[in-house]
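Below is one structure, written out as structure tokens, with a few remarks after it.
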Amino acid sequence: MTSVAHETGVRRSLALCIAFAGLAGCAANPKGQDLFWPDPPDKPRIKYVQTLQSRDDVGGPSLRETLVGKDTAPALYQPMGLALSDDRQRLYVVDRAWNSVFVFDFKDGTVRTIGDQERYPLALPVGVALDGEENVYVSDTGTRTVRVYDKSGRFLRGIGKESLVRPTGVAIDAGRQRLYVVDTGQNGTPEAHRVKVFDLEGHLLQQIGQRGDGDGEFNFPTFASVDMQGRLYVVDSVNNRIQVFDPDGKFLWKFGQSGDRIGDFARPKGVAVDRFGNIYVVDSRWSNIQIFNQHGQLLMIFGGVGNHPGLLLNPTAIAIDGQNRIYVSDTLGKRVSVYELIDTTAEDSVESQTTTLGPETEKGQGG
């Protein structure tokens, strides 16, 4: 459920499973093939589906390979940002080690790469987003730009060379034709620590926030996501919270705080919203995903530290498709873990009993 990546992680995780069974839940049967969260007797809500690393996970050998032998295909090594095509047939995965974007094509059973074969290849990519035509927008900290490719992988243009310091997360509001770029920045870069808003051609339209800890301010923000209503969710990483803005960039609300209690954050990274409006936050320190409703109330937790398929090692980004299938980049695990939200309706996004836990309830303790 909620374990720490230290020598006491397993012991603390087991203590938490016993203490909070029925609230957030631990992975059922971690040595078996099927993982569900939460534990019985509670109704399963999250199911582990599969792991993606290479072409072997989406299709078999080609005809040529059948005849002359299998080619050596690249596999994920340091997956970061994720994006899904509207038809759910392609998953785009930034790999920081390969300096490229892997495209897992579930329909064709193939994997190809973008951004590593051009004259000026990607250098330290982090985030990825898709527009309505499935053009690919990749934040590249090495070039301090967002590099744009068409669906086939042909380079189109760069965005933000004159205005970005250290771009990380990217998100697109396709309906409003807006590109949100999280400019994480560094110490001593006051023009960063904010979200910069461009049109899809690359013209800077607006900047949201500044460095600080007040409402609408950021301290090393990382990833972002846009929901179906155009609301923007930004991971304010060092402030250990999520901030929500309306489509015009106006601050709406926030939730989260630094700590090791259930529902607190230690190193939040990715964020995504499912079709019911539930908010999923990846915490890389605890190697788990916490799910909150639109009131910022914790609903449940899944994942946890481990090498076993379905468990995680320093996860980073998250993406959710229109059918509530969940993809998590397991960065140190060198894979993308795939889950599914099951047997759940919008009515289940109600106030969680977990929010009533007292201050003694901590992630590193057994209650």
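Predicted model, so just to flag it, every value in this text is computed and none were measured. Note: hydrogens, waters and symmetry copies are ignored here, and every other heavy atom, side chains too, is used.
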Show me the donor-acceptor pairs within less than 3.5 Å that the side chains of residues 167-175 make with the rest of the protein, sequence neighbours left out.
| from | atom 1 | to | atom 2 | distance (Å) |
| --- | --- | --- | --- | --- |
| T168 | OG1 | V182 | O | 3.3 |
| T168 | OG1 | T184 | OG1 | 2.6 |
| T168 | OG1 | T222 | O | 2.9 |
| D173 | OD1 | G175 | N | 3.3 |
| D173 | OD1 | R176 | N | 3.2 |
| D173 | OD2 | R176 | NH1 | 2.9 |

Self-check item: Check: Y48 ring centre within less than 6.0 Å of Y327 ring centre
Solution: no

Quiz item: So which heavy atom on G214 is nearest to which on R241, and how close?
Solution: O-NH2, 2.8 Å

Practice problem: May I have the step-by-step check of side chain to side chain contact (heavy atoms under 4.5 Å, CB included) for L299 and N278, ending in yes or no? | Solution: CA-CA 9 Å; L299 298 176; N278 298 317; 3.4 Å; yes

Quiz item: Under a 4.5 Å cut-off applied to non-hydrogen side-chain atoms, are I291 and I46 in contact?
Solution: yes

Quiz item: Can you name the residues that form a side-chain contact (heavy atoms from CB on, under 4.5 Å) with Q186, not counting sequence neighbours?
Solution: R166, T189

Quiz item: Cluster partners of F220, using ILVMFWY side-chain heavy atoms under 4.5 angstrom, listed by chain and number?
Solution: V238

Practice problem: For the pair Q257 (side chain) and D264 (backbone), establish whether a donor and an acceptor sit closer than 3.5 Å, ignoring hydrogens and angles. | Solution: no

Self-check item: Heavy-atom side-chain proximity of L232 to V195 below 4.5 angstrom
Solution: yes

Quiz item: Between Q207 and R194, does any side-chain donor sit less than 3.5 Å from a side-chain acceptor?
Solution: yes

Quiz item: Among F276, Y280, F265, which residue meets the ring-ring contact (aromatic ring centres under 6.0 Å, His included) test with F292?
Solution: F265

Practice problem: List the steps, then state whether salt bridge (Lys or Arg N to Asp or Glu O under 4.0 Å) holds for R325 with E340. | Solution: CA-CA 4 Å; R325 181 159 283 204; E340 193 168 29; 3.7 Å; yes

Practice problem: Decide side chain to side chain contact (heavy atoms under 4.5 Å, CB included) for R335 and L52; before the verdict, give the C-alpha distance in whole Å, the side-chain angles of both, and the deciding distance to 0.1 Å. | Solution: CA-CA 6 Å; R335 59 195 179 186; L52 299 173; over 6 Å; no

Quiz prompt | Side-chain (R144) to main-chain (L164) donor-acceptor, under 3.5 angstrom | solution = yes

Quiz item: What heavy-atom pair brings A272 and S225 nearest, and what distance separates the two atoms?
Solution: CA-OG, 3.8 Å

Practice problem: Run the numbers on I289 and I318 for side chain to side chain contact (heavy atoms under 4.5 Å, CB included), then give the verdict. | Solution: CA-CA 9 Å; I289 294 90; I318 184 169; 4.2 Å; yes

Practice problem: Give, for atom CG of N324 and atom CG of D274, the distance between the pair rounded to the nearest 0.5 Å. | Solution: 4.5 Å

Quiz item: So, for P315 and N288, which heavy atoms are closest and what is the spacing to 0.1 Å?
Solution: CG-N, 4.4 Å

Quiz item: Same cluster or not: are I114 and V148 linked, directly or through other Ile, Leu, Val, Met, Phe, Trp or Tyr residues, by side-chain heavy atoms under 4.5 angstrom apart?
Solution: no

Exercise. Kindly work out whether a path of hydrophobic side-chain contacts (I/L/V/M/F/W/Y, heavy atoms less than 4.5 Å apart) joins V235 to I279.
Key: yes

Quiz item: Under the salt bridge (Lys or Arg N to Asp or Glu O under 4.0 Å) rule, what pairs show up with a residue in residues 291-319, not counting sequence neighbours?
Solution: none

Quiz item: Given the rule that I, L, V, M, F, W and Y join up when any side-chain heavy atoms are under 4.5 Å apart, are I262 and V281 in one cluster?
Solution: yes

Quiz item: Can you tell if the side chain of F106 reaches within under 4.5 Å of the side chain of L91, non-hydrogen atoms only?
Solution: yes

Quiz item: Are L35 and L312 connected, step by step, through hydrophobic side chains (Ile, Leu, Val, Met, Phe, Trp, Tyr) whose heavy atoms are closer than 4.5 Å?
Solution: yes

Quiz item: Is V282 close to Q290 at the side-chain level, that is, under 4.5 Å between some pair of heavy atoms?
Solution: no

Practice problem: Drop me the distance from L313's CG to S284's OG, to the nearest 0.5 angstrom. | Solution: 11.5 Å

Quiz item: Given side chains that start at C-beta, do those of V101 and V93 come closer than 4.5 Å, heavy atoms only?
Solution: no

Quiz item: Without hydrogens or angle criteria, can the side chains of D57 and Q53 be said to hold a donor-acceptor pair below 3.5 Å?
Solution: no

Practice problem: Using a 4.5 Å cut-off on heavy atoms from C-beta on, say whether the side chain of L82 contacts that of V336. | Solution: yes

Quiz item: Roughly how far, to the nearest 0.5 Å, is CD1 of I159 from CD of E201?
Solution: 7.5 Å

Self-check item: Residues that Q177 engages under side-chain contact (heavy atoms from CB on, under 4.5 Å), provided they are two or more places apart
Solution: L200

Quiz prompt | Distance in Å, I326 CD1 paired with K47 NZ, rounded so as to fall on 0.5 Å steps | solution = 12.5 Å

Quiz item: Are any non-hydrogen side-chain atoms of H193 and Q210 less than 4.5 angstrom apart?
Solution: no

Quiz prompt | Distance-minimising heavy-atom pair for G303 and L311 | solution = O-CD2, 3.9 Å

Quiz item: Which pairs, with at least one residue in residues 155-189 and sequence neighbours excluded, count as a ring-ring contact (aromatic ring centres under 6.0 Å, His included)?
Solution: Y149-F155

Quiz item: Which pairs, with at least one residue in residues 294-322 and sequence neighbours excluded, count as a salt bridge (Lys or Arg N to Asp or Glu O under 4.0 Å)?
Solution: R88-D321

Quiz item: Between K269 and T316, which heavy-atom pair has the shortest distance, and what is it?
Solution: CB-O, 3.1 Å

Quiz prompt | Aromatic ring proximity F218/F245, centre distance under 6.0 Å | solution = yes

Self-check item: Over 12 foreign heavy atoms within 6.0 Å of CG, D86
Solution: no

Quiz prompt | Residues which pass salt bridge (charged side-chain N to carboxylate O under 4.0 Å, His left out) with R267, listed by chain and number, not counting sequence neighbours | solution = none

Quiz item: What pairs of residues pass the salt bridge (Lys or Arg N to Asp or Glu O under 4.0 Å) test when at least one of them lies in residues 211-223, not counting sequence neighbours?
Solution: D215-K254

Quiz item: Are V126 and L124 joined in one hydrophobic group, where the rule is that I, L, V, M, F, W and Y side chains link up if heavy atoms are under 4.5 Å apart?
Solution: no

Practice problem: Might you work through the salt bridge (Lys or Arg N to Asp or Glu O under 4.0 Å) test for D87 and R90, ending with a clear yes or no? | Solution: CA-CA 8 Å; D87 62 4; R90 287 165 298 284; 3.0 Å; yes

Practice problem: State whether the side chain of T344 and the backbone N or O of I342 hold a donor-acceptor pair below 3.5 Å, judged by distance alone. | Solution: yes

Quiz item: Which heavy atom of D131 sits nearest a heavy atom of N135, and at what distance?
Solution: OD1-N, 2.9 Å

Quiz prompt | Nearest-0.5 Å distance, CG of residue N240 to OG of residue S258 | solution = 4.0 Å

Quiz prompt | S287 (side chain) donor-acceptor with N314 (main chain) under 3.5 angstrom | solution = yes

Practice problem: Any side chain to side chain donor-acceptor pair (under 3.5 Å) involving residues 95-113? Give me the pairs, sequence neighbours left out, ordered by first then second residue. | Solution: T113-D116

Quiz item: Would a distance-only check, ignoring hydrogens and angles, find a side-chain to backbone donor-acceptor pair under 3.5 Å from D199 to H203?
Solution: yes

Practice problem: Provide the full list of salt bridge (Lys or Arg N to Asp or Glu O under 4.0 Å) pairs with a residue in residues 218-228, sequence neighbours left out, each pair given once. | Solution: D227-R231

Would you be so kind as to tabulate the donor-acceptor pairs closer than 3.5 Å made by side chains of residues 246-253, with sequence neighbours excluded?
| from | atom 1 | to | atom 2 | distance (Å) |
| --- | --- | --- | --- | --- |
| D246 | OD1 | D248 | N | 2.9 |
| D246 | OD1 | G249 | N | 3.0 |
| D246 | OD1 | K250 | N | 2.8 |

